[in-house]
Amino acid sequence: MDAAEKRYLELLSRSFPTADDAATEIINLTAITSLPKGTEFFASDIHGEYEAFSHILRNASGTIRMKIDDVFGDGLTEAEKQSLATLVYYPHEKTAIDVAEAPDVRAWYTDTLLRLILLARRCSQKNTRSRVRKALPAEFAYIMEELLTENGDREDDDAYYNTIVASVIETGQAEALIREFCLLVQRLSIDRLHIVGDIYDRGPHPDIIMETLMRHHAIDVQWGNHDVVWMGAALGQWGCIAHVVRNCARYGNLSILEDAYGINLLPLAEFARRTYEDDPCVAFGLKGDPDLTEREREMNVMIQKAMAIMQFKVEGRLIDENPGFGLQDRKLLDKIDYGRGTVALDGKEYELTDKLFPTVDPANPYALTPEEEAVMQRLEQAFVGCEKLQRHMRFFLDAGGLYTIYNGNLLFHACVPLNEDGSLMEVDVFGRTYKGRELYDVMERHVREAFSSDDGEARRRGRDLMWYLWLGAGSPLFAKSKMATFELYLIAEKEARKEVKNPFYSLMDDEAVIDGIFREFGIDPDSGHIVCGHVPVKVKDGEDPVRCGGKVFTIDGGFAKAYQPTTGIAGYTLISNSYGFVLAAHEPLKSREAAIDEEVDIHSSRRVVERVDRRTLIADTDTGTKLKAQIADLQALLSAYRSGELAERA
């Protein structure tokens with residue numbers, strides 16, 4: 001053995017000081033590799049819809065109800081099984097209801113605990129005892145482990161478990177133990193959670209979703225365009241801030257900023273009222289049907305117009321400062337004929353839907369007025385100074401990135417930018433061109449530098465790139481020819497509003513193109529999959545989320561209520577277990593209250609989209625690769641002990 005190997009084995013021997021220790025760990029790790037792989041759960045484009053997403057996470061897209069059916073069969077009525085499922089999903093609330101209604105509370109405690117023990121045993125079958133032990137709460141670890149362990153003698157076991165359960169009830173711990181068993185079932189039902197972008201915008205509670213994800217035991221996040229624009233806003237990037245505030249106003253969700261993040265909008269509201277109170281703001285109606293008073297609705301409309309005009313001005317400056325972004329055609333304020341109320345676009349003149357621009361100087365249209373400048377400065381201070389927002393954006397950095405390769409599958413939010421012929425599109429990033437995986441890597445590096453670099457210029461570039469990632473034609477998160485915000489507001493003709501998708505979407509069923517992407521990212525085309533979101537799948541129009549013969553899964557099914565009329569469903573989740581892939585399509589959640597009080601579950605239709613010939617084991621996964629490497633190291637250590645090359649540390 002050479003000197004480097006000996007030094008490594010000496011370090012390893014500190015953890016495994018004897019041959020017996022090394023041999024025992026080899027046996028343990030080898031046993032783990034023979035277990036079935038854990039369940040991976042994929043979701044995308046949640047867009048602030050906390051209640052629906054939370055429910056699907058709690059019921060594991062119907063998996064928990066299926067396990068209840070498997071465990072209890074005809075031993076429970078349908079009503080009893082649904083009641084048990086609701087308890088697992090919402091243990092605190094459902095326990096309070098059931099205890100209040102139970103004619104015999106002690107009997108309810110006993111029956112419920114025994115049912116949860118059986119269900120938790122089934123959920124723990126694919127896990128080692130050590131792994132289950134680590135998932136147990138410290139205060140109940142010993143009791144729960146005992147209750148989960150079967151010794152083989154049914155009669156003795158039943159007597160033993162009944163004694164423990166009776167003792168738990170006598171000591172007043174039944175409700176707490178019920179909650180912990182429910183949470184254990186939830187946790188064991190999802191081994192790994194993948195969020196494929198777009199937690200923010202549209203819906204009302206992205207902050208609560210972020211808090212939920214930050215508590216999850218195993219998660220990765222692929223940044224979406226709606227996420228990265230919030231990341232830029234958190235760093236004070238004005239283009240990102242202008243979008244975030246305008247978009248919240250457009251959907252009647254300013255409470256996200258004011259209530260969830262404590263961002264003071266009073267200076268903006270006062271400015272918008274002074275400037276636009278007598279303006280009908282005809283082009284700036286709200287999207288959807290937000291639950292607002294008439295006065296709140298008027299305020300949102302005025303703020304939306306105020307921020308839209310400031311956004312167009314700020315973006316004009318950013319375009320001039322970053323000519324390499326290639327966004328010069330997005331400067332449109334200087335293309336307006338303010339006297340006639342028209343705009344010249346792509347060689348054609350269009351009449352504007354709104355012709356009142358009291359803060360725009362036609363001679364210098366991109367100049368912010370002193371009041372607008374002050375509003376933007378106040379907003380920057382508020383975003384940068386919000387501790388909660390900074391904590392959530394740091395979670396994106398810690399748990400996420402622009403893409404993830406996990407168990408041979410490629411996860412990204414939108415696309416790999418392509419040319420019409422299927423070749424990789426080259427994109428200018430601060431004077432150098434990149435494509436494919438290298439483009440993803442360099443863009444992610446710049447984003448991370450925006451948060452952590454000691455170089456002020458590197459931080460500025462990173463901030464500006466986040467704005468480009470939000471709306472640039474070469475952005476792998478945006479994937480369209482242009483962000484037609486100006487046209488959507490101010491031009492009625494659909495031809496002007498059209499945003500052309502990157503060729504990735506038209507070539508998604510071209511196996512040669514998709515295989516080329518796999519090879520670009522170092523993935524086996526014969527076994528890999530792409531999982532992405534971003535573009536809602538119009539299920540009601542017959543669109544299929546499974547593309548390229550099952551190599552591509554596009555899982556934006558419309559969690560956001562604003563998209564559900566387009567998709568016809570209320571979200572997709574993708575499940576990867578040891579048997580293959582299952583796609584779940586969800587109907588809307590009536591309400592959280594109905595889910596608890598009326599035991600109304602989300603109806604989810606499940607479709608097997610790939611079944612493997614041989615059950616996938618941990619040995620076949622990324623975790624298995626790491627375990628095999630550890631086993632090889634331990635085998636070398638064991639050999640060194642037995643040959644005398646290394647002395648045991650008895």
Side-chain angles (χ1 to χ4, degrees), residues 38-61 89-92 131 134-138 179-180 182-235 240 244 248 253 255-257 259-263 383-404 406 411 413 444 447-448 450-452 466 533 559-560 571 573 592:
T39 299
E40 297 174 59
F41 190 90
F42 304 77
S44 82
D45 299 271
I46 304 163
H47 286 301
E49 296 292 347
Y50 168 72
E51 287 192 355
F53 174 69
S54 173
H55 187 89
I56 287 169
L57 205 58
R58 291 166 187 266
N59 77 358
S61 289
Y89 309 157
Y90 301 97
H92 181 79
R131 186 169 190 179
K134 291 175 182 176
L136 301 177
R179 287 194 293 271
E180 294 300 341
C182 292
L183 295 176
L184 178 65
V185 169
Q186 288 186 29
R187 174 166 179 165
L188 294 179
S189 297
I190 299 176
D191 188 65
R192 181 81 180 186
L193 177 60
H194 306 285
I195 303 297
V196 194
D198 278 1
I199 295 166
Y200 280 84
D201 284 340
R202 307 288 192 259
H205 298 301
D207 60 310
I208 307 178
I209 293 173
M210 292 295 283
E211 293 290 335
T212 301
L213 298 180
M214 290 168 71
R215 294 191 298 268
H216 201 274
H217 59 278
I219 183 171
D220 53 74
V221 181
Q222 292 72 61
W223 307 330
N225 56 321
H226 287 271
D227 303 322
V228 81
V229 75
W230 275 76
M231 293 167 73
L235 293 181
C240 295
V244 164
C248 286
N253 281 333
S255 61
I256 296 173
L257 299 172
D259 300 336
Y261 288 113
I263 291 177
F383 273 85
V384 173
C386 177
E387 184 277 332
K388 182 179 179 181
L389 180 61
Q390 298 302 322
R391 181 162 49 84
H392 288 172
M393 298 304 104
R394 285 286 172 179
F395 170 72
F396 274 142
L397 294 179
D398 295 340
L402 286 176
Y403 71 98
T404 295
Y406 196 90
L411 285 58
H413 178 62
E444 182 170 327
V447 170
R448 293 187 182 278
F451 284 87
S452 60
M466 281 184 264
F559 269 107
T573 48
R592 187 175 187 274

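Here the structure is a predicted model, which is why all the values come from computation and not from measurement.
With a 6.0 Å radius and a threshold of 12 heavy atoms from other residues, nucleotides or ligands, Lys134 has its NZ atom at or below the threshold. Counting heavy atoms of neighbouring residues, nucleotides and ligands inside a 6.0 Å radius, atom NE2 of His216 exceeds 12 of them.
In this structure the side chain of Glu211 reaches within 4.5 angstrom of the side chain of Arg391, judged on heavy atoms. For the pair Met231 and Leu397, the minimum side-chain heavy-atom distance is below 4.5 Å. Between Leu57 and Leu193 there is a side-chain heavy-atom pair separated by less than 4.5 Å. Two residues are said to be in side-chain contact when any heavy atoms from C-beta on lie closer than 4.5 Å; Trp230 and Ile199 fail this criterion. The side-chain heavy atoms of Leu257 and Val244, taken from C-beta on, include a pair separated by under 4.5 Å. Contact of the Tyr50 side chain with the Asp207 side chain is not registered, since no non-hydrogen atoms from C-beta on lie closer than 4.5 Å.
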> How far apart are the C-alpha atoms of Glu49 and Arg202, what are their side-chain angles, what is the distance that settles it, and do they pass the side-chain contact (heavy atoms from CB on, under 4.5 Å) test?
Replying inline: CA-CA 8 Å; Glu49 296 292 347; Arg202 307 288 192 259; 5.8 Å; no
> Please walk me through it: do Ile256 and Tyr200 pass side-chain contact (heavy atoms from CB on, under 4.5 Å)?
Replying inline: CA-CA 10 Å; Ile256 296 173; Tyr200 280 84; 5.6 Å; no
> What do the steps show when you test Arg179 against His92 for side-chain contact (heavy atoms from CB on, under 4.5 Å), and what is the final call?
Replying inline: CA-CA 6 Å; Arg179 287 194 293 271; His92 181 79; 4.0 Å; yes
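Nearest heavy-atom pair across Met466 and Gly232 is SD-N, 3.5 Å. The two residues Gln186 and Arg58 have their closest heavy-atom pair at CG-O, 3.7 Å. Between Val447 and Trp223, the shortest heavy-atom distance links the atoms CG1-CZ3, 3.7 Å. The two residues Ala233 and Phe383 have their closest heavy-atom pair at O-CB, 3.3 Å. Considering every non-hydrogen atom in both Lys388 and Ala260, the closest pair reads NZ-O, 3.0 Å. Nearest heavy-atom pair, Val196 versus Gly533, reported as atom, atom and distance to 0.1 Å: CG1-N, 4.4 Å.
Rounding to the nearest 0.5 angstrom, the gap separating the CG atom in Leu213 from the CD1 atom in Ile46 is 6.0 Å. The distance from atom CZ of Arg192 to atom OH of Tyr406, rounded to the nearest 0.5 Å, is 4.5 Å. Here the NE2-CD distance, from His55 to Glu51, works out to 11.0 Å after rounding to the nearest 0.5 Å. Taking CG from Asp191 and NE2 from His217, the interatomic distance works out to 6.0 Å, rounded to the nearest 0.5 Å. If you take NE2 on His392 and CG on Asp227, they are separated by 12.5 Å, rounding to the nearest 0.5 Å. Between Ile190 atom CD1 and Ile219 atom CD1 the span is 10.0 Å, to the nearest 0.5 Å.
Residues Asp201 and His47 have side chains that never bring a donor and an acceptor to within less than 3.5 angstrom of each other. A side-chain donor-acceptor contact under 3.5 Å links His413 and Asp198.
Taking the centre of each ring, His194 and Phe42 come in below the 6.0 Å mark.
In this structure, Phe559 and Phe53 have perpendicular ring planes: the angle between them is above 60°, well past the 30° mark.
Ion pairing between a basic and an acidic side chain is recognised when a charged N comes within 4.0 Å of a carboxylate O; Arg394 and Glu387 show no such pairing.
In this structure, the side chain of Glu444 does not engage the main chain of Gly401 through any donor-acceptor pair within 3.5 Å. Gln390 contributes a side-chain N or O that, together with a main-chain N or O of Ala234, makes up a donor-acceptor pair within less than 3.5 Å.
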